[in-house]
Participant: 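My structure is below; once you've seen it, I'll send some questions.
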Amino acid sequence: MKRLVVLTGAGISAESGIATFRDSNGLWEGHDVMAVASPEGWRKNKEVVLDFYNKRREACLKAQPNAAHLQLAELEREFDVTIITQNVDDLHERAGSSHVIHLHGELFKSQSTLDPSLVYQMDHCELNIGDTCEKGAQLRPFIVWFGEQVPMMEAAIAATENAAVFAVIGTSLLVYPAAGLLSYAPRSIPKFVIDIQLPEIARVVNLIKIQDKASSGVAKMIQSLRTMDF
Ligand code: APR
């Protein structure tokens, strides 16, 4: 099966009712980004950070995968699909996608502040002061904050370099290193970009632009894939 690699951002979950970051009414509007999503913010006020992600988990639990997530999961019948997502929600997994690389962490996991290798699946919405790892240290959200390393980037680059088709869905491509992934896709392969407001992309050839919502945009991409001769 041909390898389809898809980079997704907040726009793919918008139709599920999860706020994007930079659109009007986006998540960062009304939030000081550095207060809730940086190591400095965590040092200054852990409760504010924990509360922010507790609310994100609650919103995520209420949301359902939409047609875009579901169609990408169904594409596994025809393609070897790897999803690289910047999203911390679990909607790709709940839609049935089996290979999901989370570049920016996962909402429903917590991590030890003493030993980063200690990561725990959460079965509830709340992480609070006093919740500790097995070594007795405070747990933090398993989220890659601004200024932190992106450990899954290596796996994402390897997948991208081996793609036969690449797609970018619902991301403003403003945050690096994720935004740089497109440049690792082989020059000759088709690269779809699906967004209601297409991001600027320079120096990338074989771009197929679909200006549309993620759900209908993915349907159009699938139609187009079926006409392609690989
Ligand atoms: N369908 C498709 N695209 C959409 C839709 C939709 N229904 N709604 C919004 N979009 C598009 C917007 O036009 C925009 O290009 O989704 C994109 C969302 O961009 P951002 O809010 O910047 O989100 P994202 O690119 O995922 O942000 C990257 O930045 O804040 C950090 O760590 C956070 O992972 C996040 C990263």
Side-chain angles (χ1 to χ4, degrees), residues 6-42 49 52-53 55-57 59-60 63-72 83-93 95 100-109 111 140-153 156 166-183 191-202 204 207-222:
V6 187
L7 171 66
T8 66
I12 198 168
S13 296
E15 290 168 76
S16 296
I18 296 183
T20 58
F21 295 95
R22 293 173 185 79
D23 292 305
S24 54
N25 294 321
L27 201 51
W28 293 150
E29 263 196 0
H31 277 108
D32 172 358
V33 179
M34 289 304 166
V36 295
S38 77
E40 294 76 31
W42 174 249
V49 176
F52 175 76
Y53 289 101
K55 292 207 169 79
R56 304 282 77 76
R57 278 184 214 98
C60 181
Q64 299 300 328
N66 66 54
H69 300 103
L70 294 165
Q71 290 174 98
L72 290 179
I83 309 276
I84 303 168
T85 188
Q86 296 166 88
N87 300 343
V88 296
D89 66 51
D90 59 355
L91 296 180
H92 282 300
E93 286 90 344
V100 185
I101 297 173
H102 282 273
L103 284 179
H104 295 163
E106 295 175 62
L107 262 184
F108 289 96
K109 287 184 179 169
Q111 184 176 36
R140 58 165 274 180
F142 183 55
I143 302 287
V144 175
W145 287 326
F146 286 100
E148 293 189 312
Q149 300 277 28
V150 183
M152 294 311 286
M153 201 52 201
F166 194 79
V168 178
I169 306 174
T171 169
S172 57
L173 290 180
L174 289 174
V175 173
Y176 283 81
L181 265 181
L182 247 176
S183 65
K191 300 161 192 91
F192 291 87
V193 185
I194 302 170
D195 203 297
I196 49 174
Q197 207 184 320
L198 292 165
E200 295 271 333
I201 297 175
V204 176
L207 276 183
I208 303 159
K209 297 179 181 170
I210 300 178
Q211 183 157 16
D212 203 342
K213 291 185 297 185
S215 56
S216 30
V218 171
K220 287 178 189 164
M221 175 178 79
I222 292 171

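Indexing begins at 1, ligand by ligand and atom by atom, following the structure's order.
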Participant: What do you reckon, does Ile196 put a non-hydrogen atom under 4.0 Å from ligand 1?
Facilitator: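 Flag set, Ile196 near ligand 1.
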Participant: Regarding Thr8 and Gln86, do their side chains bring together a donor and an acceptor under 3.5 Å, going by distance alone?
Facilitator: no
Participant: Is there a side-chain hydrogen bond (donor to acceptor under 3.5 Å, both in side chains) between Glu93 and His102 once you walk through the steps?
Facilitator: CA-CA 11 Å; Glu93 286 90 344; His102 282 273; 2.6 Å; yes
Participant: Give the atom numbers and elements of ligand 1 that come within less than 4.0 Å of a heavy atom of Gly9.
Facilitator: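 Those qualifying, in numeric order: 26 (O).
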Participant: What protein heavy atom sits nearest atom 9 (C) of ligand 1, and how far off is it?
Facilitator: Asp23 OD2, 3.4 Å
Participant: Please work out, at 4.0 Å between heavy atoms, whether the side chain, the backbone, both, or neither of Ala14 comes within that distance of ligand 1.
Facilitator: side chain
Participant: What residue and heavy atom of the protein are closest to atom 25 (O) of ligand 1, and at what distance?
Facilitator: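 Result: Thr171 OG1, 2.7 Å.
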Participant: Name the closest protein heavy atom to atom 15 (O) of ligand 1, giving the residue it belongs to and the distance to 0.1 Å.
Facilitator: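 Atom 15 (O) of ligand 1 sits closest to the protein heavy atom Asp195 OD2, 2.9 Å.
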Participant: Quick one: nearest non-hydrogen protein atom to atom 26 (O) of ligand 1, plus distance?
Facilitator: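 In this structure, atom 26 (O) of ligand 1 has Ala10 N, 2.8 Å as its nearest protein heavy atom.
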Participant: Look only at interatomic distance and state if His104 has a nitrogen or oxygen under 3.5 Å from any nitrogen or oxygen of ligand 1.
Facilitator: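 There is such a contact, yes.
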Participant: Please work out which of Pro199, Ser215, Gly170 has its closest non-hydrogen atom nearest to atom 17 (C) of ligand 1.
Facilitator: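 Closest candidate by heavy-atom distance is Gly170.
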Participant: Using a 4.5 Å cut-off on heavy atoms from C-beta on, say whether the side chain of Leu173 contacts that of Ile201.
Facilitator: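 Yes; the side chains approach each other to less than 4.5 Å.
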Participant: Counting only heavy atoms closer than 4.0 Å, does ligand 1 sit against the backbone of Trp145, its side chain, both, or neither?
Facilitator: neither
Participant: Enter the distance from Phe166:CZ to Leu181:CG here, rounded to the nearest 0.5 Å.
Facilitator: 5.5 Å
Participant: Short N/O distance, under 3.5 Å, between Phe146 and ligand 1?
Facilitator: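 Looking only at distances, the answer is no, because the N/O contact criterion of under 3.5 Å is not met.
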Participant: At what distance, to the nearest 0.5 angstrom, does CD1 of Ile83 lie from CD1 of Ile12?
Facilitator: 6.5 Å
Participant: With the side chain counted from C-beta on, respond yes when Arg22 and Val175 share a heavy-atom pair under 4.5 Å apart, and no when they do not.
Facilitator: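 The answer is yes, as the side chains (C-beta and beyond) meet within the 4.5 Å cut-off.
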Participant: For ligand 1, which is the ligand I care about here, please tell me if Asn87 has any N or O atom under 3.5 Å from one of the ligand's N or O atoms.
Facilitator: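 No; the residue has no nitrogen or oxygen that sits under 3.5 Å from a nitrogen or oxygen of the ligand.
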Participant: Which residue holds the protein heavy atom closest to atom 2 (C) of ligand 1, what is that atom called, and what is the gap in Å?
Facilitator: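 Heavy-atom neighbour on the protein nearest atom 2 (C) of ligand 1: Ala214 N, 3.4 Å.
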Participant: Can you report which non-hydrogen protein atom sits closest to atom 6 (C) of ligand 1, along with the distance?
Facilitator: Gly11 O, 3.3 Å
Participant: Considering only protein heavy atoms, which is closest to atom 35 (C) of ligand 1, and at what distance to one decimal place?
Facilitator: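 In this structure, atom 35 (C) of ligand 1 has Phe21 CE1, 3.4 Å as its nearest protein heavy atom.
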Participant: Which ligand 1 atoms does Lys213 reach within 4.0 Å, using its non-hydrogen atoms?
Facilitator: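 Going through ligand 1 atom by atom, the ones under 4.0 Å from Lys213 are 1 (N).
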Participant: Scan side-chain atoms only and decide if Asp89 and Ser13 contain a donor-acceptor pair under the 3.5 Å cut-off.
Facilitator: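 Side-chain D/A pair, Asp89 to Ser13: present.
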Participant: Taking only heavy atoms of Trp28 into account, list the atoms of ligand 1 that are under 4.0 Å away from them.
Facilitator: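 Result: 30 (O).
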Participant: Please name the pair of heavy atoms, one in Ala178 and one in Leu103, separated by the smallest distance, quoted to 0.1 Å.
Facilitator: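 In this case the closest contact between Ala178 and Leu103 is CB-CD1, 3.7 Å.
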Participant: From atom 27 (O) of ligand 1, work out which of Gln86, Glu15, Arg22 has a heavy atom at the shortest distance.
Facilitator: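 Result: the heavy atom closest to atom 27 (O) of ligand 1 is in Arg22.
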Participant: Rounded to the nearest 0.5 Å, what separation is found between the NE2 atom of His92 and the CD1 atom of Ile101?
Facilitator: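 Spacing of NE2 (His92) from CD1 (Ile101) equals 11.5 Å.
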Participant: Report the distance from atom CG of Asp32 to atom CZ of Phe52, rounding to the nearest 0.5 Å.
Facilitator: 10.5 Å
Participant: With rounding to the nearest 0.5 Å, note down the distance linking CG in Asp90 to CD in Glu106.
Facilitator: 8.5 Å
Participant: How far is atom 22 (O) of ligand 1 from its nearest protein heavy atom, and which residue and atom name does that atom have?
Facilitator: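 Looking only at protein heavy atoms, the one closest to atom 22 (O) of ligand 1 is Ser172 OG, 2.5 Å.
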Participant: Find all atoms of ligand 1 within a distance of less than 4.0 Å from any non-hydrogen atom belonging to Thr20, and give their numbers and elements.
Facilitator: 9 (C), 21 (O)
